[in-house]
**Student:** 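After the structure tokens below, expect a handful of questions from me.
Here the structure is a predicted model, which means the values were calculated and not measured. In what follows, every heavy atom counts, from backbone to side chain, and hydrogens, waters and symmetry copies are set aside.
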Amino acid sequence: MSYYSRSPPPLQHPVPTHPAFIPEPPSTPASPQGYQRFASSPPYAARTQYNPPPFQPIPNPQHQQIPDFAAWGMNDTTAQFGMHLGQTAVAAGQDYVQKNFAGMIPVTMLKHHFNVSNSYVMHKLQLVIFPWRHKPWTRKVRRTEAGLTEWQAPRDDINSPDLYIPLMALVTYILLAALQTGLQERFHPQILGASATRALLVVLLDFLFVQCGCYLLNVQGTGQVVDLIAYGGYKFVGVILTLFAGLINLGSTIYALVFLYAFAANALFVLRSLRSVVLPDSPANVGTVNPASRKRRITFLFLEAVLQVVYMGILVRV
């Protein structure tokens, strides 16, 4: 009896004659964007036609695109060398400024002179314009946690110099000078630069005069640079009052009277404020200043007060 093998026939899966039933999804108030509902099984074309969006790489902020220097006629080596040289020059400049000027005017000192309040600004302007009956003129000190003494901030001491009022007065002076020349039909954009240059030169001359006087008189413990610049910047308040008197056309007599009053008020303010620098009231300086030296210092203070009329006269001529 012979046996012969035969491979089994291939399996045949039944083909459905009708599509499978898919239940309706529950109704929602609003379908999200891009969602499509079908009452029955979606057609074959709808299931297969899917076009994914093109791939867009996520930009990496750490990798900056290098410009194409070849279009400018430079190769990559020359361009990279130039960029490295420029970065080195900028770093060297920043280091030079930090070493030479940061010690002269530290950032903490600038923050101290801009630490003002609305109440301080109002009372300080009143003091600059009406300094006749103000007392006392001595500055207040406070003790730090380390046991050191330092001047109180301007917002806590009306006699402390600040940089906020001089800076705002300087900007106001430049704008008023441009307005006055515009009303006189002789305005030019160069007026802004000329007014700013004239104002800065006056402040610089005033500062250098005080510094040279303190050096020649051998004044120990001369006031800080920022304090002297601040004292010299308060003159712009009186100059602004004089320019306002000229803008409203009150006549030459009223204009001259306003200028003389502004000069007198600023002279007294500078005289009393700089007295703590030239003639300090500390016990260490009482016995070291002889009568002759004290007389010369008082004369220097009066000369500085009188020179305010020259500085203000230069500023009001716009």
**Student:** Measure from the side-chain N and O atoms of K235 to the backbone N and O of G232, and report whether any donor-acceptor pair falls under 3.5 Å.
**Tutor:** yes
**Student:** Looking at every non-hydrogen atom in both residues, tell me the closest pair between I129 and Y261 and how far apart they are.
**Tutor:**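 Minimum heavy-atom contact is O-OH, 3.0 Å.
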**Student:** Quick one: pull up CG in N266 and CG in L241 and give me the separation to the nearest 0.5 Å.
**Tutor:** 10.5 Å
**Student:** Tell me, do V210 and Y231 make a side-chain contact under 4.5 Å, heavy atoms counted?
**Tutor:**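 A side-chain contact is absent here, since even the closest heavy-atom pair is not under 4.5 Å.
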**Student:** State, to 0.1 Å, how close N159 and K124 come at their nearest heavy-atom pair, and which atoms those are.
**Tutor:**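 Scanning both residues, the minimum pair turns out to be C-NZ, 3.9 Å.
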**Student:** Given 3.5 Å as the limit, does a donor-acceptor pair link the side chain of R155 with the main chain of S117, or not?
**Tutor:** no
**Student:** Taking the side chain as C-beta and beyond, is there a heavy-atom pair between I298 and F302 under 4.5 Å?
**Tutor:** yes
**Student:** Taking the side chain as C-beta and beyond, is there a heavy-atom pair between L179 and L247 under 4.5 Å?
**Tutor:**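 Yes, their side chains come closer than 4.5 Å.
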**Student:** Using the test side-chain contact (heavy atoms from CB on, under 4.5 Å), find all partners of V316 that sit at least two apart in sequence or belong to another chain.
**Tutor:**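 Partners of V316 by the side-chain contact (heavy atoms from CB on, under 4.5 Å) criterion, ordered by chain and then number, come out as V239, T242, Y255, F259.
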**Student:** Give, for atom CE of M168 and atom CG of L125, the distance between the pair rounded to the nearest 0.5 Å.
**Tutor:**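 Separation between the atoms: 12.0 Å.
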**Student:** At their closest point, which heavy atom of L315 faces which heavy atom of F236, and how far apart are they?
**Tutor:**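 For L315 and F236, the tightest heavy-atom pair comes out as CD1-CE2, 3.8 Å.
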**Student:** Who clusters with W151? Use side-chain heavy atoms, under 4.5 angstrom, across I, L, V, M, F, W and Y, and order the result by chain and number.
**Tutor:** V141
**Student:** Among Ile, Leu, Val, Met, Phe, Trp and Tyr joined by side-chain contacts under 4.5 Å, find the other residues sharing a cluster with M122 and list them by chain and number.
**Tutor:**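 Result for M122 is none, singleton.
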**Student:** What pairs with F207 under ring-ring contact (aromatic ring centres under 6.0 Å, His included), at least two apart in sequence or on another chain?
**Tutor:**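 ring-ring contact (aromatic ring centres under 6.0 Å, His included) list for F207, sorted by chain: empty.
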**Student:** I'd like to check K140 versus D156 (side-chain heavy atoms, cut-off strictly below 4.5 Å). Are they in contact?
**Tutor:** no
**Student:** Quick one: side-chain contact (heavy atoms from CB on, under 4.5 Å) partners of L163, sequence neighbours excluded?
**Tutor:** L110, H113, F114, V226, A230
**Student:** Which heavy-atom pair separates V309 from V306 by the least distance, and what is that distance?
**Tutor:**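 So the minimum-distance heavy-atom pair works out to CG1-O, 3.0 Å.
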**Student:** Using the rule given for side-chain contact (heavy atoms from CB on, under 4.5 Å), can you reason through V258 versus F244, listing the C-alpha separation, both sets of side-chain angles and the distance that settles it, and then say yes or no?
**Tutor:** CA-CA 10 Å; V258 172; F244 266 121; over 6 Å; no
**Student:** Not counting sequence neighbours, which residues clear ring-ring contact (aromatic ring centres under 6.0 Å, His included) with Y234? List them please.
**Tutor:**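 Only F269 meet the ring-ring contact (aromatic ring centres under 6.0 Å, His included) criterion with Y234.
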**Student:** Is it possible for you to say whether L192 and L183 belong to one hydrophobic cluster, with membership spreading through side-chain heavy-atom contacts below 4.5 Å?
**Tutor:**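 In one cluster: yes.
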**Student:** Once you round to the nearest 0.5 Å, how far does CG of L307 lie from CG of D206?
**Tutor:** 8.0 Å
**Student:** With a 4.5 Å heavy-atom cut-off, do L200 and L170 have their side chains touching?
**Tutor:** yes
**Student:** Please identify each residue that fulfils side-chain contact (heavy atoms from CB on, under 4.5 Å) with L260, with sequence neighbours left out.
**Tutor:** none
**Student:** Step by step, work out the side-chain contact (heavy atoms from CB on, under 4.5 Å) result for D162 and Y120.
**Tutor:** CA-CA 10 Å; D162 71 284; Y120 167 83; 2.7 Å; yes
**Student:** I'd like to check the ring-ring contact (aromatic ring centres under 6.0 Å, His included) partners of Y311; sequence neighbours left out, ordered by chain and number.
**Tutor:** none
**Student:** Quick check for you: to the nearest 0.5 Å, what is the distance between L301 atom CG and L279 atom CG?
**Tutor:** 6.0 Å
**Student:** List in chain and number order the residues that pass ring-ring contact (aromatic ring centres under 6.0 Å, His included) with H134, two or more places apart in sequence or in another chain; answer none if no residue qualifies.
**Tutor:**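 Residues passing ring-ring contact (aromatic ring centres under 6.0 Å, His included) with H134: W137.
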**Student:** At their closest point, which heavy atom of A196 faces which heavy atom of I174, and how far apart are they?
**Tutor:** CB-CD1, 3.5 Å
**Student:** Are L127 and M312 connected in the hydrophobic side-chain network, where two residues link if heavy atoms are under 4.5 Å apart?
**Tutor:**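 Yes, it is one cluster - the side chains of L127 and M312 are joined through contacts under 4.5 Å.
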**Student:** State which residues pass salt bridge (charged side-chain N to carboxylate O under 4.0 Å, His left out) with E150; sequence neighbours excluded, sorted by chain then number.
**Tutor:**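 Counting only residues at least two positions away or on another chain, E150 forms a salt bridge (charged side-chain N to carboxylate O under 4.0 Å, His left out) with R142.
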**Student:** Sequence neighbours left out, what pairs pass side-chain hydrogen bond (donor to acceptor under 3.5 Å, both in side chains) with at least one residue falling in residues 176-186?
**Tutor:**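 Every pair satisfying side-chain hydrogen bond (donor to acceptor under 3.5 Å, both in side chains) with a residue in residues 176-186: Q184-R186.
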**Student:** To the nearest 0.5 Å, how far apart are CH2 in W132 and NZ in K135?
**Tutor:**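 Here the rounded value is 14.5 Å.
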**Student:** Which heavy-atom pair separates T197 from G193 by the least distance, and what is that distance?
**Tutor:** OG1-O, 2.8 Å
**Student:** Do L204 and I314 share a hydrophobic cluster (ILVMFWY, side-chain heavy atoms under 4.5 Å, transitive)?
**Tutor:** yes
**Student:** If we only count heavy atoms from C-beta on, is the L228 to L274 side-chain gap below 4.5 Å?
**Tutor:**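 Yes, close enough: below the 4.5 Å cut-off.
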**Student:** Tell me every residue that passes side-chain contact (heavy atoms from CB on, under 4.5 Å) with S160, counting only those two or more places apart in sequence or in another chain.
**Tutor:**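 In terms of side-chain contact (heavy atoms from CB on, under 4.5 Å), with neighbours along the sequence ignored, S160 is linked to H112, R139, P154, D157.
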**Student:** To the closest 0.5 Å, what do you measure between CG (N115) and CD (Q152)?
**Tutor:** 11.0 Å
